[in-house]
Every structure is written in structure tokens, then in C-alpha cells.
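Below you'll find the structure, written out as C-alpha cells, and then a few comments.
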Amino acid sequence: MSSPEEARVAPAPEVDLPLEWETDEERMAFLFSAFKQSREVNATEWDSKMGFWSELVLKWGRRKGRICTCLRELQQAFERRGSVPLGLGTVLRELLRRGKLQRESDFMASVDSSWISWGVGVFILKPLKWTLSSVLGDSKMPEEEEVLIYGEILKEKAEEAYNLYQNSTLSSHPIVGLSELRSLCTSICPDERTFCLVLLQLQKEKRVTVLEQNGNKIMKFARGLHAKVSPMNDVDIGVYQLMQSEQLLSQKMESLAQEAERCKQEARSASKAGKKQQALRSLKSRKRVERRIAELHSKLDVVQGILDRIYASQTDQMVFNAYQAGLGALKLSMKDVTVEKAESLVDQIQELCDTQDEVAQTLAGVAINGSEADTEELERELDSLLLDSPKRQPHLPSVPPKQLSPASVGLPSFTDAELEAELEKLTYSDGELAQKTDRKASDRQRVLELHL
């Protein structure tokens, strides 16, 4: 937000205002009037007015993308035909009580920060106001120019700034300078106050830690979306100093390269003008500058080599920590596992599988009685048995109309005795067959004797 002392804020555009703003004079007159001292006088009217202005104030901040506001700014934004809402102070006090808004002084004092000032006249520690707010809570009516913070919008801005940093080249190392980060977040934080509050929110969330080194503010970011930042140590400060040296050496080399090119152009111009000595002096200067560039280049290589080693060591440390954590987890998971227990478990599983197979086979046998397909199969089998029953007459071919002669059929000739013997074999068992044979023989003998 711009400071409260700046120019008058333009009224809110019609798109941000409800329909009755221009159409219902009676309704707007009621809404622009002051609140009753007590809600109990008329709770319905009090709640209606509070709901209208609370929603409008929050909606206006969201649409503007504002982190901060104040009573005077809102009065100017919602001015209507020369009148300002008389109850906005009460509305802001209620939003403070609900936690939708927060006093800037309270927010800053709640952050554990070692910074004394942001450089924009905003003091981090305000013991007097903090103590007063702690005693009175949010029952005190906000002053006209007292800065109030939209808490939800601030958190969203902080998340956006954090993601922007993580996706930038600055995230190659968790240490970054304030100026570099300020340039990166220009699109998110249009003014210095917003930028400072966003950093304070990140610091409150333990995703950024801040340190002032030799008059320069440096920050350390947490690794990962849900990680907490670790305190800044000597290694972090040393790495930042190396990064600063790398940047300074690169800038110096670029400046010397431009100077060498300038000496070259001066030597060419002097040579064309016939000033040989001057041209030689320019060339000598160019050589000295080039030797200086070579020296700086070798130093830059050393600095970059050290940084590469530091980055590699940090990566190795991360891998080592991952292995160590994995080893601990593996030991914990295998703590109660032995070969004997594993063999016993396998035997139990095999026994249960065998039991399951037996149960499945039994159930499959029982299912035959209830299966329609199996019932049909049983009926077909029963019909087949009935067809083979001796009670039913076998199906014989029809008698041909013309009597067949023995010659045409070609049947072999048999004697009566052979036919009788064959019939007896089909009718009787072996013992019965022997007895019958004896009786038949006796009968034949008697018949022969009678004939004789």
C-alpha cells in the first residue's frame, strides 16, 4: 500500500460496488449512517450493516491485491456523493476482532526478527503500541492512518514470492542478498512496504531467516516446499561472501574488458592520425589491462572452484543423510524379522492355502445341486440311463416288405444243436449250464430209445 500521507485515493469503481449503490437511496442512507452503540438495540439492522461493509472491505482489498489499508483510505474509496461511511471504524474493529485484519504494529512485533528498521520508516519493535494492543486487544478503534493488514492476502503473497524464488537461478544456493531478492519480486511487491511485510511473513513461517552482515541484509531460504529453514551459520556466511566475490570479480573483468577495447580504439585512431608514439602507449595500456584481466580470471576460477566444491559437499551431505535415514528405517523395519520366523510364516501361509483349496473344492461340490447347468446335465444323464433300461423296447428297424432269400442275405448255416447250445450260454451261468446239459442229454437218450 502507499503510505497514508500520499495523495487522495480515487473512489472505488462501479464494478466493485453493489447494485443498490446507485439505485436505492433509502438503503444507502441507512448503510452510511453510524452504528448504534450497542448491537442489542437492534441486532438485525446491526448485523445487516456489518455484513454489507465487511464483505465490501474484504472484496475491495482482494480485487486491488492490497496487503495493507487504513481507515482514511477506505473512506476515500467508498465516498458517495460527498459523503463517507460513518461506521467504517466499527467495521474495521470487528474485522480485527475476527482476525480478518491485523494491525501492522502487532504483526511486526509478533515476528521474531533482529532487524531494527526496513528503511521505510517502519519499525519492527514498537513496545508501546504492542503493550497497548496486548492490554486492550482489538477493542480499540483504529486510527485514521493506522496501517491494517489483510492477513489472507499477505500469506498468499508470501507463498507466491517463495515459489518465485525457488524457480529462479537465485535458488542455486539458499543464501541471497536483499537487493537481488527485491529485484526478483518486483512484479509481486510493487512497493517497499509490501516487500518488507512479505519477507516478515516468510520469516514468521520459518521459511526465511535474516542476518545483517557488514551493513548488508542477507537471507537464507528453506529447502523444499514444507521444510523449515535452519539457522544461518559460518558456512552460510562464508558462501555468501564467496558469491559476492565472484560477482565483484565478474563485474571488474567486464569493466576491464571495456577499457581494453577502448585502448584498442585509441591506438587505431592515433595510428591513422600519424601519432605513432601515442598509438604505442595505447597498445601498452591495453596489454596491461589484458594481463590484469587474466589475473582476475584465474582468481575467479579459484572462487568458482571453491563454490563448486561447497555445492558438491552439500549434495554429498544430503545423500549421506538420506542413506543414513534409510539405514535407520531399514533396521527398524527388520528389527523383529529372523530367518526362522520367515520360514514359520511361509509354512503357515502354505497350510492356509491348502485349507483354502480344500474348502473351495467342497464348496464346488455343493454348488452342483444348485447349479442350473449341472442340473440339466444330470437330467440328460438320467434320460440316457432310461434308454438303456431293459424295460424299454429297443428301437428296431422296420421289416422289409419283400422276404429276403437265404442266398441273397448270405447267412451262415447252423445246426439245431449248436443254436440250442448258444442259447443256453446266454441264459444260464456255468453251473446251471452243466446241469441243463446233463438233463438234455438224458432226454435225448430216452427219445432215441423210444424210437428204436
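What's counted below: heavy atoms across the whole structure, side chains too, no hydrogens, waters or symmetry copies. Bear in mind that the values here come from a model prediction, so they are computed numbers and not experimental data. Positions are given from 1 along the sequence.
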Exam field: side chain W53 to backbone L31, donor-acceptor pair closer than 3.5 Å: yes
List the atom pairs, with distances to 0.1 Å, where a side-chain N or O of residues 237-254 and a protein N or O form a donor-acceptor pair under 3.5 Å, not counting sequence neighbours.
residue, atom, partner, partner atom, Å
S245, OG, Q241, O, 3.0
E246, OE2, Q304, NE2, 3.2
S250, OG, E246, O, 2.9

R72 and E143 ion-paired at < 4.0 Å: no
Contacts of D301 that satisfy salt bridge (charged side-chain N to carboxylate O under 4.0 Å, His left out) - sequence neighbours left out: none
Face-on cation placement of R62 at Y150 ring, 6.0 Å and 45° thresholds: no
W21 and F52 aromatic ring geometry - parallel, tilted or perpendicular at 30°/60° bounds: parallel
Verdict with reasoning, E205 to Q201, per side-chain hydrogen bond (donor to acceptor under 3.5 Å, both in side chains): CA-CA 6 Å; E205 296 172 359; Q201 178 63 32; 2.8 Å; yes
Interatomic distance, E146 atom CD to T69 atom OG1 [nearest 0.5 angstrom]: 12.0 Å
Non-hydrogen side-chain atoms of F195 and L178 separated by less than 4.5 Å: yes
Interatomic spacing from CG in D106 to CD1 in I149 - rounded to 0.5 Å: 9.0 Å
Heavy-atom pair with the smallest gap, counting every atom of K228 and A222: C-CB, 3.8 Å
Check: C185 and E160 side chains under 4.5 Å, non-hydrogen atoms: no
Between CH2 on residue W46 and CD on residue E94, distance to nearest 0.5 Å: 4.5 Å
